[in-house]
S.K.: 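Sharing a structure, written as structure tokens. Questions coming.
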Amino acid sequence: MMNRQQTLQQALRAALDPMHLEVLDESHMHNVPEGAQSHFKVTVVSERFAGQPLIARHRQVNAALRDEFEAGLHALAIHAMTPAEWFKRGGKAPASPPCLGGSKAQP
Amino acid sequence: MDVLDRIREQVENNAVVLYMKGTPQFPMCGFSSRAAEALKSCGVPFAYVNVLQDQEIFENLPRFADWPTFPQLYINGELVGGCDITLELQASGELERMVKEAVEKAEQGAPAANDDQG
């Protein structure tokens, strides 16, 4: 059985034909049980993003992972770039923030 | 009022609204905290809704604009994005321009109390 990191990678590869793709499980940085597979960070570099505003890029990432959101994926940091933007940044995505406790909080 | 109508009213009646976990003073999530800090850095007032204090909004905001996560930033009634987009817009200077324009537009659009000149 695939873990969620692999499932996310597969779904994003199929949907976005990325030149570069990184999916990090950052759940350990948050207030959730060990192995929760709830918080992820995606860096996806694809030519398909050319000419698209950020919100359209993020919507495509979210849409590709819709089933996973329904199955317990809680947080997703998204860095969606074209190859040109990626190289301009020196091949790095920004770091994700610390938790502050709200992951488990329900209203 | 239906919860989606309630959200619509909030985003239409406020030039800038941040739906977040916690408050700008006491954020309960790193992503919400960063988005709130980015907005604060623009130097204009903004509205916020603490989704941890409103079960209905917490459950229904994701389907309002088909966006699955918090925080969510709305400017002029339109979803701009979540934390990552807010920070990218801040880094490029766009965020301040967008927020200031929206606030100015809202002020011009608001009916002035003593203005009967049209």
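Note that the structure is a prediction, hence the values are computed from the model and not measured. Reminder, nothing fancy here: chain letters follow the sequence lines and each chain counts from 1.
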S.K.: Is A:R66 close to chain B through its backbone or its side chain, or both, or neither, when contacts mean heavy atoms under 4.5 Å?
M.R.: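 Answer is side chain: those atoms of A:R66 sit under 4.5 Å from chain B.
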S.K.: Salt-bridged, B:E56 to B:R6, with N to O below 4.0 Å?
M.R.: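 B:R6 and B:E56: salt-bridged.
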S.K.: Checking heavy atoms, do the side chain of B:L87, its backbone, both or neither come under 4.5 Å from chain A?
M.R.: neither
S.K.: Using a 4.5 angstrom heavy-atom cutoff, name the option from B:G30, B:G22, B:P27 with the most pairs to chain A.
M.R.: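 Among the listed options, the one with the most contacts to chain A is B:G30.
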S.K.: Taking atom CD of A:Q9 and atom CG of A:N3, what is their separation to the nearest 0.5 Å?
M.R.: 8.5 Å
S.K.: Please flag which part of B:N50 lies under 4.5 Å from any non-hydrogen atom of chain A: side chain, backbone, both or neither.
M.R.: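 Neither part.
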S.K.: Heavy-atom pairs under 4.5 Å with chain A are the metric here; pick the option from B:P62, B:A65, B:S32 that has the most.
M.R.: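 Top count of heavy-atom pairs under 4.5 Å with chain A: B:A65.
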S.K.: Check the orientation of A:H74 and A:H39. Use parallel for under 30°, tilted for 30 to 60°, and perpendicular for over 60°.
M.R.: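 If you compare the ring of A:H74 with that of A:H39, the planes turn out tilted.
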S.K.: Is there a donor in the side chain of A:E26 and an acceptor in the side chain of A:S96, or the other way round, less than 3.5 Å apart?
M.R.: yes
S.K.: Among side-chain atoms of B:Q10 and B:Y19, is any donor-acceptor pair under 3.5 angstrom?
M.R.: yes
